[in-house]
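Start at 1 with the first residue, then count along the sequence.
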Amino acid sequence: MKTKPVHQKLILNTYSFQENDTIYGFINYNTKVEGFTKDFRGYFKAIVK
């Protein structure tokens, strides 16, 4: 299955990050998969290691 990224956008909060900080953000990802286009969007939470 062939895929091709069309558009990616990652938005993070603007604070300086340190180890064990929690990051909140939003991702907007658009990809083309064998003739159709799929959007992935959502908020996320991650911990800096």
Side-chain angles (χ1 to χ4, degrees):
M1 184 179 296
K2 292 186 177 185
T3 63
K4 179 183 176 189
V6 178
H7 172 80
Q8 298 180 67
K9 186 173 186 180
L10 177 64
I11 301 170
L12 299 174
N13 52 11
T14 57
Y15 301 110
S16 297
F17 304 122
Q18 296 180 14
E19 191 172 330
N20 294 321
D21 279 352
T22 301
I23 298 173
Y24 297 92
F26 178 80
I27 190 153
N28 184 355
Y29 184 79
N30 178 279
T31 189
K32 188 171 185 173
V33 181
E34 290 188 350
F36 68 92
T37 302
K38 180 68 179 165
D39 290 319
F40 300 94
R41 294 184 191 137
Y43 292 93
F44 66 89
K45 174 181 154 183
I47 297 176
V48 176
K49 295 285 180 176

Item to check | Step-by-step side-chain contact (heavy atoms from CB on, under 4.5 Å) determination, Lys38 to Tyr29 | outcome: CA-CA 8 Å; Lys38 180 68 179 165; Tyr29 184 79; over 6 Å; no

Next on the checklist: I'd like to know whether Gln18 forms a side-chain contact (heavy atoms from CB on, under 4.5 Å) with Val48, so could you lay out the CA-CA distance, the side-chain angles of the two residues, the decisive distance to 0.1 Å, and finally the verdict.
Outcome noted: CA-CA 7 Å; Gln18 296 180 14; Val48 176; over 6 Å; no

Checklist entry - Can you tell which of Ile27, Thr31, Asn28 makes a side chain to side chain contact (heavy atoms under 4.5 Å, CB included) with Phe40? => result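 Of all the options given, the one that passes is Thr31.
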
